[in-house]
Q: 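The structure under discussion is supplied below as structure tokens; questions concerning it will follow.
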Amino acid sequence: MSRKDRDHFNLLCDIGDLAALVTGSHNIEAFLDSTVKLVSRHLEADVCSIYLYDENAGDLVLKATVGLNPDAIGQIRMKPGEGLVGATFESLHPIREAFASCNPLFKYFEEANEDRFESFLSVPIQRGVQKIGVLVVQHEKPDYFSERDVMALKASASQLAGAVENARLLMDLYEATGTPAAPSALEPQAFIRGQIASEGIAQGPITFFKKSHVSFLSGNANLCTRFTEADFHEAVKKTSRELAELQSRLAERLPESASLIFTAHFMILKDPKFIDRIVHQITEGASPPDAVRSVARHYINVFSSSSHAYIREKVSDMEDLAGRILKNMYRHGQEMQGNEKGRIVVAGELYPSEILKLASEDVQGVILVKGGITSHVSILARSLKIPLIIADHPQLMELPEETPVLLDATIGNIYINPDEEILAQFAERQAAGQVLAKTPDTACRIACTADGTRVRLLANINLLSELAVAKEMNAEGIGLYRTEFPFIVRPTFPSEEEQYLVYKHLFDEMADREVTIRTLDISGDKALVYSNATSGKNPDLGLRSIRFSLRHRPLFEQQLRAILRAGADAGRLRIMFPMISSLDEFREAKRILEICMDDLARENLPHHSNPAIGMMVEVPSVVEIMPALARETDFFSIGTNDFIQYTIAVDRTNEKVAEYYRAYHPAVLRGLSRVVRAAVAAEREIAVCGEMGHETEYIPFLLGIGVRTLSVGPQFLPAVHDCIAGLTLADAERHAGILLAEDTLAGALKVLQSYTAGRTEGAPAPGSAL
Ligand code: PEP
Ligand code: MG
């Protein structure tokens, strides 16, 4: 082995050790500094530097160097593609230059004093598909680095990648959490950016979903306090009162499910075996907290080993309950409150039923590290008015419990440890927002374009509590009532009678306004804990939605009967089937509905005997058979959330592929246009009830292709109304024509952006997803 080879070998050994040493360490600067020193020593290079990619700013930043001016650290920045370093990062190929200054890409940074170094060698630092940065060595002597040095540097970069990535994530985090006395508190480095799933502003200490209870169960709290059996009974009583209060508070927000969320808690609390087991352990000498923990663990073990999903779900109920009893024992005499009250909950992901529970705790806001903005948990958060940001930053999960956070879910920023100045700015904005919210003209009037084309505006409702807003905003009716939420929050399938009560409430509230009720659409992210029926490797392509209803006919019939009975006196009842993919499926669903009407008539039960029967357009197979469907359906409603997901094969719930989930994909736009044309030709109403319907950048296109009914979250109605009033149909049609002619994503985006910019005189549309 030559001396140089041996040095390369030693370099790799040293780097291997170094990476092992520093992974998990917080001493990031020191780690990067040791790395550049080590590499420069082994390669006998005058200079060694590390540039890391700053995702917020979109720049490569010099983070460590030996040989260049140390003052340039953090100062030298370049875009991917800029200079030799940027070119390495962009192309993911090493660059070796004998005379760097002769390369037209070479960029001289005066502050670095690098003009003396002719030889240049750079390699990308990447981990999997993740681009992290660039490792560079330089030397005064021209043509100094060999092909072997390239290999050694590449191998070093790949060994270092994991540790460097950790370092970069932590550095980003510390930059965001630092408290620099910045003149403008809204500096880009001071926050983490995420996607807005539910708008609003929230502020408070963070807590991690479920962790607060686990901490009580782990047995480390307040060990020196002595408790008696009486303390235990007192804590049980207090827990019971606390749950009853939570339940009644929840009734205002969730009338359809209030009594159901804590059923398991109450059942366990009232189970004498549970209480007796604990008392028995106390009389045998165990301390009351230990007795609670031990019995709770026993239940948890039993529940978690069950083969039934709905019993496994009880594990979290048991944790929650035992956590509450322990909390009430330790914090005896303190004000009753839920663990999440007033807090910002950070979670990996959440199910709809879990966000309902959080709503009952009065959480301030939620940060999800996974999920998509059109997922149902996001839709539900909007209904519950809980600000929610989805940020693909797993290091958020490492923040200390109670870290103060400010969530600006109007622009998607998360401020960690916000300083006084930021807080003051937000207090002002919130006060201004409240004044605005009180202005009387929020309710929308009949919607018309500037040249007089009438557009019907309906509301999407997920929870009965939203009906009040829908009415306040003057929705002409309900264009989509998602029936699955009452199913999701229950411990088992709701009976016909239970469903009847929920739907009756809906029809009573809406009186003679039109109500479109969608039959059950359970699926991947709306799975029922008490049923494995919709599970499978790929639930969104599995037994979901109408397929589930047709397969489980008794359940389908119960729902249809409940709708027909509850809507007996409804002015205009419309029943809509979700996820229809063929004419046969539609016919089958309609046939069962007709059988239900016949049965109800035979049973002499009051019911609606002539509902309009329609279907959702969500599955691309429908595009080809629209004329046939139009002959047999009364109306259509396009669910753009799923239509986009299935047309371009992008999971709407996965933040990692969010950039691929693009409504402006030419195939999506053309598909929508064909669907609308076919419906209009057959004189069938076609509405849009997916999220695209409230996105003001898409409304001109939708009107331009012939849509005349939009159904949107009630909170969006005023903005949608104003957007329509500011358009002429002729202009919208022209815009749609231009957009449809674009073959590429880039082309379509450009058309949309320039149209939006033109309409807003240069300012980007608020909330624009472009
Ligand atoms: C849709 O897919 O656009 C839709 C409205 O249905 P959901 O969001 O409930 O799947
Ligand atoms: Mg859908």
Q: Could you go through the side chain to side chain contact (heavy atoms under 4.5 Å, CB included) check for L739 and L752 one step at a time?
A: CA-CA 7 Å; L739 201 47; L752 268 173; 4.0 Å; yes
Q: Look only at the side chain of K141 and the backbone of S119, and say whether a donor-acceptor pair between them is shorter than 3.5 Å.
A: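 Not at all, since once roles are kept as given, no pair shorter than 3.5 Å links the two residues.
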Q: Is there side-chain contact between Y661 and N641, with at least one heavy-atom pair below 4.5 Å?
A: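 Sidechains of N641 and Y661: in contact.
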Q: Using every non-hydrogen atom in the two residues, find where L135 and C48 come nearest and quote the distance to one decimal.
A: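 The pair with the smallest heavy-atom distance is CD1-SG, 3.9 Å.
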Q: Under a 4.5 Å cut-off applied to non-hydrogen side-chain atoms, are H665 and L745 in contact?
A: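 Yes, their side chains come closer than 4.5 Å.
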Q: When you measure from the side chain of S621 to the backbone of S581, do you find a donor-acceptor pair of N or O atoms at a distance under 3.5 Å?
A: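 Here the side-chain-to-backbone pair exists.
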Q: Identify the heavy atoms of K154 and V123 that sit nearest to each other, and give their distance.
A: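 Reported closest heavy-atom pair: CG-CG1, 3.7 Å.
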Q: When rounded to the nearest 0.5 angstrom, what is the spacing between NE2 in H42 and CD in E44?
A: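 Rounded to the nearest 0.5 Å, the NE2-CD separation comes out at 10.5 Å.
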Q: Would you mind reporting whether M78 and Y51 have side-chain heavy atoms less than 4.5 Å apart?
A: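 With C-beta onward as the side chain, the pair touches.
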Q: Are the side chains of L84 and V134 in touch, meaning some heavy atoms are under 4.5 Å apart?
A: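 Side-chain contact under 4.5 Å: no.
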Q: Salt-bridged, R116 to D46, with N to O below 4.0 Å?
A: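 No, this pair does not count.
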Q: Output the distance between atom CD1 (I738) and atom OH (Y755), rounded to the nearest 0.5 Å.
A: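 Nearest 0.5 Å value for the CD1-OH distance: 9.5 Å.
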Q: Going by an N to O cut-off under 4.0 Å, is there a salt bridge joining R96 and E147?
A: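 Result for this pair is yes, salt bridge flagged.
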Q: Hey, does the side chain of T403 reach the backbone of I206 with a donor-acceptor pair shorter than 3.5 angstrom?
A: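 No; judged by distance alone, with no hydrogens or angles, the pair does not exist.
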Q: Does some side-chain heavy atom of N413 sit less than 4.5 Å from a side-chain heavy atom of R193?
A: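 Counting from C-beta outward, R193 and N413 do come under 4.5 Å.
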Q: Does E659 offer a backbone N or O that forms a donor-acceptor pair with the side chain of R662 under 3.5 Å?
A: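 Yes; judged by distance alone, with no hydrogens or angles, the pair exists.
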Q: Grab the two heavy atoms, one from G204 and one from I344, that are nearest each other, plus how far apart they are.
A: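 Scanning both residues, the minimum pair turns out to be N-CD1, 3.7 Å.
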Q: Between R382 and E691, is the closest basic N to carboxylate O distance under 4.0 Å?
A: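 R382 and E691: salt-bridged.
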Q: At what distance, to the nearest 0.5 angstrom, does CD1 of I76 lie from OG1 of T65?
A: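 OG1 of T65 is found 8.0 Å from CD1 of I76.
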Q: Do you know the tightest heavy-atom contact between F145 and D149?
A: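 Scanning both residues, the minimum pair turns out to be CA-OD2, 3.4 Å.
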Q: Go through L68 and F117 one step at a time and tell me if the side chain to side chain contact (heavy atoms under 4.5 Å, CB included) criterion holds.
A: CA-CA 10 Å; L68 298 184; F117 309 111; 4.0 Å; yes
Q: Rounded to the nearest 0.5 Å, how far apart are NZ of K656 and CG of D392?
A: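 Going from NZ on K656 over to CG on D392, the span is 4.0 Å.
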Q: Classify the angle between the aromatic ring planes of Y144 and H139 as parallel (below 30°), tilted (30 to 60°) or perpendicular (above 60°).
A: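 Parallel: the ring planes of Y144 and H139 meet at under 30°.
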Q: Using a 3.5 Å distance criterion without hydrogens, assess whether the side chain of T647 forms a donor-acceptor pair with backbone atoms of I644.
A: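 Absent.
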Q: When rounded to the nearest 0.5 angstrom, what distance separates CD1 in I125 from OH in Y53?
A: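 Result: 14.5 Å between the selected atoms.
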Q: Between V61 and L52, is any pair of side-chain heavy atoms under 4.5 Å apart?
A: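 The answer is no; the side chains never approach within 4.5 Å.
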Q: Restricting to non-hydrogen atoms, name the atom on V668 and the atom on F643 that form the minimum distance, rounded to 0.1 Å.
A: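 For V668 versus F643, the nearest heavy atoms are O-CE2, 3.9 Å.
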Q: Could you check if a side-chain atom of E401 sits within less than 4.5 angstrom of a side-chain atom of T207, using non-hydrogen atoms only?
A: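 A side-chain contact exists here, since the closest heavy-atom pair is under 4.5 Å.
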Q: Taking all heavy atoms of P80 and all of L60, pick out the closest pair and write down the distance.
A: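 Smallest interatomic distance, heavy atoms only, reads CA-CD1, 4.4 Å.
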Q: Mind checking the CZ-CG spacing from R652 to N654? Nearest 0.5 Å is all I need.
A: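 Separation between the atoms: 13.0 Å.
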Q: If you apply the rule side chain to side chain contact (heavy atoms under 4.5 Å, CB included), what do you find for M579 with D642, and how did you get there?
A: CA-CA 9 Å; M579 300 286 302; D642 278 317; 4.0 Å; yes
Q: As a quick check of understanding, evaluate side chain to side chain contact (heavy atoms under 4.5 Å, CB included) for S101 and E118, giving each step before the final call.
A: CA-CA 7 Å; S101 56; E118 272 299 359; 3.0 Å; yes
Q: I want to check something: taking the side chain as every heavy atom from C-beta on, are L92 and P124 in contact at a cut-off of under 4.5 Å?
A: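 Yes; the side chains approach each other to less than 4.5 Å.
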